[in-house]
Amino acid sequence: MTHPHDRALPRAVRQAMPMARDVLVEVAKQHGVCIRPLALRRLDIVTGKTEIIDVPCGSTLDSKCPPCAKRNRQLRMAQCREGWHLDTEPAITPDEPNEEQRWLVEFRADMQAQRDAAAQAGDDTTDLDAVLAGLDEEINAAGMRGSVTGSAVPKRSRSTRRRQDAPDLPKRKMASTTLGRTFHAPDGKVYRPSLFVTLTLPSYGKVRNGVPIDPEAYDYRRAARDALHFSKLVDRFVQNLRRVAGYDVQYFASVEPQKRLAPHLHMAIRGTLPRAEIKQIAAATYHQVWWPQADEVRFDGDHLPVWDEQAGYLDPATGEVLPTWDEALDALDEDAEPLHVLRFGEQVDVQGVLAGTPDADQCVRYLSKYLTKSLGDALDGGQVQREHAARMVDALRYEPCSPACPNWLRYGVQPKNAKAGMAPGRCRSKAHKPEHLGYAGRRVLVSRKWSNKTLAEHKQDRRSWVLEALGQADEPADPHRYIWRPVSAGDANVPPLAVRLLRTVAERQRWRAHLRELEARGAGQDLSATEQTGRAA
């Protein structure tokens, strides 16, 4: 056998041999093993036993961990498929509160009364506020959603009058259902069609093969702002869709990159509406960004605002305190124009889909096609498209992505919750990173009553199926039985990553061997039953 460390071998031959570590990683991928597991210390408070447990990293991107990305994609496909054509109303009824939950809310009421009395008497309420904050955390930890008092921040309101350049929409009386219409054939068969809708953003200039023909004429600023606020436009579309449909429309949507690098939306919709109405809704949907103006640069280069511990950011030349975020919003009068207005493009694709058809399966696969890729991974057009992406990133560099974005300093406004060290062009939000190209929202958008299950429940279904196939009992562990703690880097009790991967691969091999044995045993039983049936005949 030729040994790779045999110096008698030519250098080219040795270098052509694969690295053992690389082969291990490839084998781990083939067996569906996470290649970037997180080591956690688990303490069993019943037995006192401590273990080091490898937890999958849960990445959704192929570039980081292909096995985890594949599992997450399959999980989303199952979620999409199960919820798309439901024929029964999802039953979502909150549990009755238990004694602990009732007691916590009653105690919260008593402490709130003490705090209000102290405030009315002019006393310091700092300690009582801290107690209330701790109680709110305990209320959530006890299994209650939301906040007892709701949002304490007053909502800033703007005129709800529709823009004159947007068409009006029909409005139907809302029905308490999520299922949509059914159609009955003459033979008595019931059809429950649904929709698959694709929405795109408008044009920013002529493109060929996803690349601007004239980069100088391409509106990169508008493209950048559309990408930054695209998720809000999708929210508006769903609101309008429900008003027009007249029922609580449920959807499963994914945001993917077009070849020109603009985000666009694929949406599976339960129920059906006429295609003309869907296109009318898309044409009438818009979103206005009511932020301070960000078109006039006030501070640039070395001339940047300076930080003062008491006042915040100051003009370096005059010492004038820059307006805070709230002050800048207050300065917008009734005649002010929005910073930006988003609309969908004219291309709206609407397809009718029936349950159990090849079209439905194809749409499910298409919805999940790019979920394991970042928006920046769409760069397959060579150097020209990479230059296009670089120009897009450059246009995003100084665009404010949120109220807390440091880029507001460039336009003479203190970011919300400003702190020392902020500088324009150095925002750490993922919206400014090349792999996201301005879109920082969720890639998968699922309505609450889609499949009547959370993603964790879909994951539990898959786990139960595997355990049942392996002949093992599925006994959910008490969530309060274990205490999980992160393991510090260099912990001597944690084996090297390669050893942990080898152990997990060996475990997966045992599982697969067991499954093959069960399948062979089942096939043998079926064959035996067939032979007995033949003899009886």
Side-chain angles (χ1 to χ4, degrees), residues 1-7 9 11 13-45 47-76 368 370-377 428 430 433-436 443-444 455-456 458-460 462-463 465-467 469-470 472 477 479 481-516:
M1 179 182 291
T2 302
H3 198 281
H5 296 293
D6 186 354
R7 293 297 174 181
L9 292 173
R11 179 183 179 88
V13 174
R14 293 200 308 271
Q15 289 184 336
M17 295 178 178
M19 296 289 292
R21 180 64 178 270
D22 294 340
V23 175
L24 169 59
V25 171
E26 288 304 314
V27 169
K29 291 178 183 178
Q30 291 174 5
H31 284 77
V33 173
C34 173
I35 61 174
R36 301 172 61 205
L38 307 176
L40 297 177
R41 180 173 282 105
R42 186 179 73 177
L43 170 63
D44 189 333
I45 61 176
T47 63
K49 182 180 178 181
T50 300
E51 294 179 281
I52 301 296
I53 304 293
D54 271 345
V55 179
C57 67
S59 174
T60 58
L61 299 178
D62 275 337
S63 57
K64 294 183 178 179
C65 182
C68 284
K70 182 180 179 180
R71 278 195 297 272
N72 282 315
R73 179 175 180 265
Q74 291 174 340
L75 193 64
R76 287 297 190 181
S368 60
Y370 290 101
L371 294 185
T372 60
K373 309 290 184 183
S374 68
L375 293 179
D377 287 340
R428 296 183 178 181
K430 68 179 187 179
K433 295 180 179 179
E435 60 266 31
H436 294 285
R443 296 286 301 281
V444 181
L455 198 61
H458 283 287
K459 189 178 296 185
Q460 179 63 33
R462 291 172 60 86
R463 179 179 182 274
W465 181 88
V466 171
L467 290 176
L470 292 171
Q472 299 181 17
R481 177 174 176 172
Y482 300 105
I483 297 176
W484 298 82
R485 293 285 184 269
V487 178
S488 59
D491 191 308
N493 294 316
V494 180
L497 176 59
V499 174
R500 289 151 56 199
L501 289 180
L502 286 168
R503 291 174 179 174
T504 310
V505 168
E507 183 181 49
R508 292 297 174 90
Q509 287 177 324
R510 289 195 299 271
W511 288 1
R512 290 190 176 186
H514 191 181
L515 282 174
R516 285 195 295 268

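Legend: residues meeting side chain to side chain donor-acceptor pair (under 3.5 Å) with R71, ordered by chain and number and at least two apart, are absent.
L497 contributes atom CG, which lies 9.5 Å from atom CG of L502 (distance to the nearest 0.5 angstrom). Taken from NZ in K29 to CG in L501, the straight-line distance is 11.0 Å, to the nearest 0.5 Å. Taking CD from Q74 and CG from N72, the interatomic distance works out to 9.5 Å, rounded to the nearest 0.5 Å. A distance of 7.5 Å separates OG1 in T47 from OH in Y482, rounded to the nearest 0.5 Å. Atom-to-atom distance recorded for K373:NZ and R73:CZ is 10.0 Å, nearest 0.5 angstrom. Rounding to the nearest 0.5 angstrom, the gap separating the CZ atom in R42 from the OG1 atom in T50 is 10.0 Å.
Although no hydrogens or angles enter the test, the distance criterion places a donor-acceptor pair under 3.5 Å between the side chain of R443 and the main chain of Y370.
At least one side-chain heavy atom of P495 sits less than 4.5 Å from a side-chain heavy atom of R503. Looking only at side-chain heavy atoms (C-beta outward), T504 and H31 stay at 4.5 Å or farther from each other. Side-chain atoms of C57 and K64, non-hydrogen and from C-beta on, never get closer than 4.5 Å to each other. In this structure, the side chains of V505 and Q509 come closer than 4.5 Å at one or more pairs of heavy atoms. Side-chain contact between S488 and V494 is absent, with no heavy atoms from C-beta onward closer than 4.5 Å.
Around the NZ atom of K430, the shell of radius 6.0 Å holds more than 12 heavy atoms that belong to other residues, nucleotides or ligands.
Contact detail for L61 and L371: the closest heavy-atom pair is CD2-O, 4.3 Å. Across all their heavy atoms, L43 and G48 have their closest contact at CD1-O, 3.8 Å. Contact record, C68 with P56: SG-CB, 3.9 Å, taken as the closest heavy-atom pair. Nearest approach of P18 to V23, heavy atoms of both residues: CB-CG2, 3.9 Å. The minimum heavy-atom distance between T372 and A69, with the atom names listed, is CG2-O, 3.5 Å. When all heavy atoms of L24 and A498 are compared, the closest pair comes out as CD2-O, 3.7 Å.
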Could you go through R41 and D491, starting from their C-alpha distance and side-chain angles, then the distance that decides it, and tell me whether this counts as salt bridge (Lys or Arg N to Asp or Glu O under 4.0 Å)? CA-CA 11 Å; R41 180 173 282 105; D491 191 308; 2.9 Å; yes

Test side-chain contact (heavy atoms from CB on, under 4.5 Å) on E51 and D44 and set out the steps. CA-CA 8 Å; E51 294 179 281; D44 189 333; over 6 Å; no

